[in-house]
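When a ligand or atom number is given, it counts from 1 through the structure's own listing order.
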Amino acid sequence: MMASLTDLEGRLAGLGLESPFPDIPAANALTKPIDIYRLHLASLIASTLECDVAAAYEAILTATDLTLADLAVVVPKLKPKDVKDIKEFAIELVQKLPTSPLYAVPYPDGVQLRFFFSQKTLPLLMLPYIRERGTTYGEDHAQGLQDPSNPEGGRKKVVVEFSSPNIPGEFKGDHLRSTIIGAFTAKMYECMGWDVVRMNYLGDWGKELALFAVGWEKYGSDEALEADPLEHIMDVFHKIKADFQPESDASKQAKNENKSTAEIEGQGIFAQRDGFFKKLEEKDEDALAFWKKFRDITLARLEPAYARLGVTFDEHSGESQPLQETMAEIEATLTASGVLQESDGSQIINFENHGNKGLGTVIVRARTGSSTYFLRDLAAAVDRERTHAFDKMIYVVASKQNSHFQQVIKTLELLGREDLAKKLQHISFGDITGMAPHLKKTMSLGQMIDECAEIVRSEEAKLEEDGKEEKEDGEEDSGAANGRGDPAAVGGLLSLDLFGKRSHGYAFDKKRMAAEEGDSCRMLQREYAKLVSVIAELREPKAEGEEAGGEDDASPDHAVLQRDESIDLLRMMAQYPDVTAATFKSLEPHGLLSYLSRLAEASAAELDDDEEDGDEDEAGPSSAAAEEETAESRKAKLMLYECVKQVLSHGMNLLGVPPI
Ligand code: ARG
């Protein structure tokens with residue numbers, strides 16, 4: 001990567017730009033090429049109008065619609081003095097501004113001045129800029145520094161907790177979304193230089209596991225477990241849940257009628273379940289062995305499924321991990337401050353007494369003496385801060401649990417731990433509504449991915465049959481059959497999941513999964529694959545004695561890039577670091593997906609157009625439109641395509657889209 005601003009200024013001098021960059025702390029020309037343009041333009045405006053250069057910089061916006069401009073100056077933001085008609089003034093400003101090698105002549109549009117990058121210098125600036133940064137183009141590692149002015153001072157640490165399925169339990173839509181969005185969140189933090197801990201907080205402790213233990217006594221079989229572990233675990237779990245249903249209904253009814261549930265819960269499966277859980281919390285050896293056996297079995301089956309999604313964890317934590325001592329500490333503090341109250345034998349917090357009526361009440365410790373989900377989460381936060389000394393912790397959990405996390409954060413404040421409360425963030429998302437019927441039945445992540453592969457494969461087959469999408473000769477069929485099943489399945493799944501805002505739920509829309517147009521991960525995969533093969537072709541020596549396009553000694557002839565398709569690609573790629581910065585801020589993946597989809601479309605347009613030129617070449621010397629291809633022009637194209645491939649692959653990796 002280019003070491004310093006001085007080096008960058010040297011390169012700009014070569015393009016005919018003499019002035020040094022103005023000093024604006026918010027700008028970062030070394031990671032964002034758009035800032036080179038903004039800084040330079042801010043200087044021009046400031047010296048023309050004799051105004052403050054920082055104010056000028058703030059007045060320059062990146063255009064959202066590239067057909068209109070690359071940058072726009074919002075003229076009123078320059079606060080020009082003694083100006084009656086601002087539009088008039090904008091027109092005058094166009095005439096006053098000196099010409100620049102970086103810009104075409106701007107045009108006024110109402111109160112804005114719109115600027116296009118100069119096509120001539122754009123490739124000279126952008127290609128080396130991206131190539132030098134390589135796989136770090138789009139990243140901004142300074143964001144993750146404890147002290148941005150001191151790179152030696154260490155990085156900030158974030159714990160991203162995601163996926164977190166239950167043992168026993170189906171891998172549900174919520175766990176799937178948490179896995180996808182959590183993996184993306186972790187990558188975004190890495191991209192911005194943070195030290196990231198990926199944590200899976202398994203629901204491996206509590207009443208459900210205890211209920212399962214009761215079921216195992218009754219229905220469990222080691223042979224059946226051996227034959228198909230997940231299937232048998234779920235079978236046993238469903239059976240005991242059905243047995244338990246009448247008791248659980250009776251308890252709910254009593255609660256609704258404001259009656260004590262003590263009697264109902266003191267007998268039957270209730271008592272057996274709570275008895276087992278109590279043994280577990282008291283670290284009874286047999287109970288612990290049971291817990292470990294089923295945790296290990298489940299994890300062993302989860303890991304390969306996570307690998308198919310390209311997801312890894314640094315730590316498989318779980319509800320079994322929070323320390324009993326930490327829980328006791330927390331309860332002691334809450335009791336001392338009168339926050340903890342007794343109600344029907346349980347210890348509760350009534351948030352109404354603490355100015356948070358909306359948060360209702362929560363049980364901290366059950367009547368049986370066992371910990372609750374809530375108490376374990378409180379203790380986990382405290383424990384993890386001790387072991388990881390994190391600067392931030394993010395919970396990627398469905399919006400159903402919004403109030404749970406508000407209660408956790410509020411309680412930490414009540415504990416006098418505002419410092420810790422401030423570090424916690426809940427990133428929520430909407431439900432998967434209307435799961436495809438066959439997906440509803442699935443129990444494991446592996447089965448879910450299999451189903452997605454099947455959906456994508458059969459939708460593609462349908463499209464082909466309808467003749468809507470004709471495959472070119474020799475083009476392979478996609479799908480599970482030829483080993484591309486997983487990337488296609490994951491691409492299809494991500495097309496669904498990343499399509500809208502996180503808060504929006506979605507239904508399993510088979511067409512969208514298979515779609516290869518619009519905002520689509522399948523399209524990204526297809527265009528990426530095309531680039532890979534075109535690049536490989538360009539690297540082949542063309543004629544005997546001629547050097548391969550990839551040989552470094554051919555100097556690129558940038559003239560070949562002076563066409564709209566190539567220039568548009570460069571303009572879009574210049575925006576990439578701004579797109580990743582905005583994505584990091586919002587942690588909304590859909591903006592990045594649409595940006596990449598537009599880039600992939602532009603890449604398709606470029607390659608199509610280039611192919612047509614090539615065909616004309618073959619038509620004979622009469623085709624004047626097509627220029628003679630030389631090693632130098634091939635080199636320039638190769639450089640462009642490699643940059644596009646680099647940006648696509650970087651963005652796909654952030655989203656979790658595997659190449660095909
Ligand atoms: N296992 C829980 C569930 O399936 C999600 C855990 C979320 N994380 C947390 N720290 N509470 O609903």
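Scanning all protein heavy atoms for the shortest distance to atom 6 (C) of ligand 1 gives Y373 OH, 3.4 Å. Ranking protein heavy atoms by distance to atom 1 (N) of ligand 1, first place goes to N166 OD1, 2.7 Å. Protein heavy atom nearest atom 12 (O) of ligand 1, with residue, atom name and distance: Q401 NE2, 2.9 Å. The protein heavy atom nearest to atom 8 (N) of ligand 1 is E161 OE2, 2.7 Å.
Proximity to D377 (heavy-atom distance under 4.0 Å) selects the following atoms of ligand 1: 9 (C), 10 (N), 11 (N). The ligand atoms of ligand 1 that sit less than 4.0 angstrom from a heavy atom of Y201 are 8 (N), 9 (C), 10 (N). Shown in contact with Y395 at under 4.0 Å from a heavy atom are these atoms of ligand 1, numbered in order with element: 10 (N).
You'll find the side chain of I363 stays beyond 4.5 Å of the side chain of F374, heavy atoms only.
For the pair R384 and F390, the cation-pi criterion (under 6.0 Å, within 45° of the ring axis) is not fulfilled.
T185 contributes atom OG1, which lies 10.0 Å from atom CZ of R198 (distance to the nearest 0.5 angstrom).
We find that K510 and E459 are not joined by a salt bridge, their nearest charged nitrogen and carboxylate oxygen being 4.0 Å or further apart. Using a cutoff of 4.0 Å between basic side-chain nitrogens and carboxylate oxygens, D419 and R417 are scored as salt-bridged. Contact check on D174 versus K400 returns a salt bridge, with a Lys/Arg side-chain nitrogen under 4.0 Å from an Asp/Glu carboxylate oxygen.
For K172, no heavy-atom contact with ligand 1 is shorter than 4.0 Å. The proximity of F405 to ligand 1, defined as any non-hydrogen pair under 4.0 Å, is limited to the side chain.
Taking the six-membered ring for Trp and the full ring otherwise, the centers of F162 and Y201 sit at least 6.0 Å from each other.
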Exercise for review: Any chance you could lay out the side-chain hydrogen bond (donor to acceptor under 3.5 Å, both in side chains) test for N200 and Y306, step after step, and finish with the verdict?
Suggested key: CA-CA 11 Å; N200 194 352; Y306 283 132; 3.1 Å; yes
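In terms of polar-atom proximity, R384 is not counted as a contact of ligand 1, lacking any N or O under 3.5 Å from an N or O of the ligand.
A heavy-atom separation below 4.0 Å is found between H175 and ligand 1.
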